[in-house]
Trainee: 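Supplied in structure tokens, the structure appears directly below.
Proteins get letters first, then strands, A, B, ... in listed order; numbering begins at 1 in each.
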Amino acid sequence: MSALLFYILAIGSVSCALLMILSKKAVNSAVALVGVMLCLAGLFAMQNAHLIAALQVLVYAGAIMVLVLFVIMLLNLREKGGLLTGRQPFIQVGAVVLLNGLLAPLVSDYVMAPTTGIALTDPATFGTVKGVGTMLFTEYLLPFEIASILLLAALVGAVVLTKNKKNSEG
Amino acid sequence: MNSMTGDLLETVVKIAFVIGLNLGFFAPMLGWVERKQSAVMQDRIGANRAGVFGFTFIGLLHSAADAIKLIFKEDFIPRGADRMMHTLAPVIAVVPALAAFAVIPFGGKFELAGHNVNLVIADLDVGLLFVFAIASIATYGAVIAGWASNNNWSMLGGLRSAAQMFSYEVTMGLTIIGLVMYYQSLSLVVIAEKQVDFWHWGIIYQWPAFILFLTCAIAENKRIPFDVPEAESELVAGYFTEYSGMKFIMFWTAEFIEVVTISALCVTMFFGAYHLPFISPDMLVSIFGGGDFGAIVAMLIGIGVFVAKICALIFLQMAIRWTLPRFRYDQVMALGWKIILPASLIWIFLTGLAILLGLMPTV
Amino acid sequence: MAIKIKKIEKGDGLTLWEKSYLPEIIRGLGITLSHFATNMKSLVDEFALGKGRDSRTIMTLYYPEEQPVIPPAYRGRPVLVSDKNGVEKCVACGLCEAACPPACIHILGGERDNGDRFPRSYVLDGSRCIFCGLCEEACPKEAIVMSDEWRNLCQYDRTKMIYEKETLLRSEAQVQKRLDFIRSNSFSRDRY
């Protein structure tokens, strides 16, 4: 049952991702990306990480992609040639693959390494709001705070960028 | 019957009940309520002509007449529109509206013939987050409808709905953090169970959260006074200008079901869910002689109370909808970002302070 | 000399209480809901308790089933009034014809054997009539009054809108309300 569900979600996410890359219309790509996000959320939920699944839908599929769509609609992007034309994209894709290949061992060493303290695999609290919350505010407090400062900086930057200089002077 | 098939059967029955209640009862009834309640509020009579052999049933048949008319109407897709997206948009609008009901408990937990029946389709630990996640998906219905119609009015409506719904999603999430702190849970089942005692109903300590949440929820549903995405005096009909027939019904249904969903959420979080004041479900079971019969009666009473409370809140929403004029677009955004968002942050702070000082004992 | 620009601060005229919005929303809800309550009560009184039409607070009529009550001041189709014998009161003086702004009245006078004057033919062109009521005011014999008839004033065929004397004749009882009204003070006071 769960294997079947996994394959459905996996195939769904991969095909949505392909659709996103190959689609000629920007909006279709964005909607396909939403599909990818939803399938990923389903995969998270299958791993009992309900909180992450809900947040995945709420933040990525819900909020961020709406903004992406908003921008696409605001700029009214028309049909462009497929992205996989010319040589340049291949270089980009190659670069991304290469970078991932380089970073993967580092990331996996750091992230996947068994941590001390609260057991990551404690079945009672794993994936629950309480479990993730406790983890976030004890074990991973520093990364959490750093991320929040990063977001704050982005927020301030956005305000500065959008502020009308003429009005602020006069 | 082993427990696996029993669970499956139970789930199927619950899903059928919820969908039947929404699509079969609430959606057509709300069409009638909207017409008749507005009429009575405005000293009018309201639609009363549709009838069968002279029986009009106080205008109830107008919903049926509407449905029949729209089903047989031409399904029109304008030239230059994106056919696939144009068809997809109403589906995206309806499905999340229905899916949000999966985590809302509608009757409590009972033991029936040795089988534990929990009257909620999915008892999720992150129930509230699930509702918000689903609500955020509903945005795409309006946005894609606006984009796919190849119509300037639709486009503007889609843009407005994207900005408005996104803004109010953020705010809506923050408005109920205070409530979550009070109940110490995100699970709607747990929140509902904690309101057995009348003095623990959300509205008593968390009434500011209720006002803020209701405002955000109505804005999220794009109904008057927040209906700028479809403002008929400016944008013809906004994002669904180019929709007709069944697709139009689907947008209509989605709006009505969202009204029900908002009411159900408010009932679950603020008005004691399926509980009668001062009477717990266990007391009800024992009053009706205990056992299976008592459980069934208590279950039915619980469902009835829940539906009655939903109806009362629908009445309130309709009254608001027919009382207030539409906001200007900048007013909508200013209200969301400059008033409700800071107000909910202040309320989170105050709730935290009150809990810390012991003024608001958590349940 | 530079022109001094005077800036006028134009407030929205709202008090702080009104600007806080929520109390005003609640007040608005109070108004609409009180209307709802009174109207619901009246509807229940009328249809469930059978107290009848008078208890209704909603002014709308269930039109074809319920007919509107036409007030006496209403100016419908001008009609000729007959006396007790069923003969028109009109003496064919021609004052109404002269007073009529759109000239829709055409009278052909005649004389009876006893010397009374009477209209040999009295034609009122309904397609020209503007329902001003000047004919009624001009008439010295109360022979033409504005009735409360408002149906069939419009026709697809213009010839059907030209009324002859016979079709315009009404008994005094039929237009009694209008006669009472034009004899009353309120009618004359409003005019002169």
Trainee: Can you confirm whether C:Arg117 is buried at CZ, in the sense that more than 12 heavy atoms of other residues, nucleotides or ligands lie under 6.0 Å from that atom?
Mentor: yes
Trainee: Does B:Phe349, at its CZ atom, have more than 12 non-hydrogen atoms belonging to other residues, nucleotides or ligands within less than 6.0 Å?
Mentor: no
Trainee: Quick check: closest heavy atoms across B:Trp322 and C:Thr32, and the distance to 0.1 Å?
Mentor: O-CG2, 4.3 Å
Trainee: Check whether C:Leu61 gets within reach of chain B through its side chain, its backbone, both or neither, counting any heavy atom under 4.5 Å.
Mentor: backbone
Trainee: If you compare all heavy atoms of B:Met41 against all heavy atoms of C:His35, which two are closest, and at what distance to 0.1 Å?
Mentor: O-CB, 3.4 Å
Trainee: Surrounding CG of C:Asp113 (heavy atoms of other residues, nucleotides or ligands, distance under 6.0 Å), is the total greater than 12?
Mentor: no
Trainee: Nearest 0.5 angstrom please: B:Gln37 CD to C:Leu33 CG, how far?
Mentor: 7.5 Å
Trainee: So what's closer than 4.5 Å to chain C heavy atoms on B:Ile45: side chain, backbone, both or neither?
Mentor: both
Trainee: Does a sphere of radius 6.0 Å around CH2 in B:Trp337 hold more than 12 heavy atoms from other residues, nucleotides or ligands, not counting ones at 6.0 Å or beyond?
Mentor: yes
Trainee: What distance do B:Lys36 atom NZ and C:Phe36 atom CZ have between them, rounded to the nearest 0.5 Å?
Mentor: 11.5 Å
Trainee: Given that the side chain runs from C-beta out, which part of B:Ile320 has a heavy atom under 4.5 Å from chain C: side chain, backbone, both or neither?
Mentor: both
Trainee: Using side-chain heavy atoms (C-beta onward) and a distance below 4.5 Å, is B:Thr323 in contact with C:Ile25?
Mentor: no
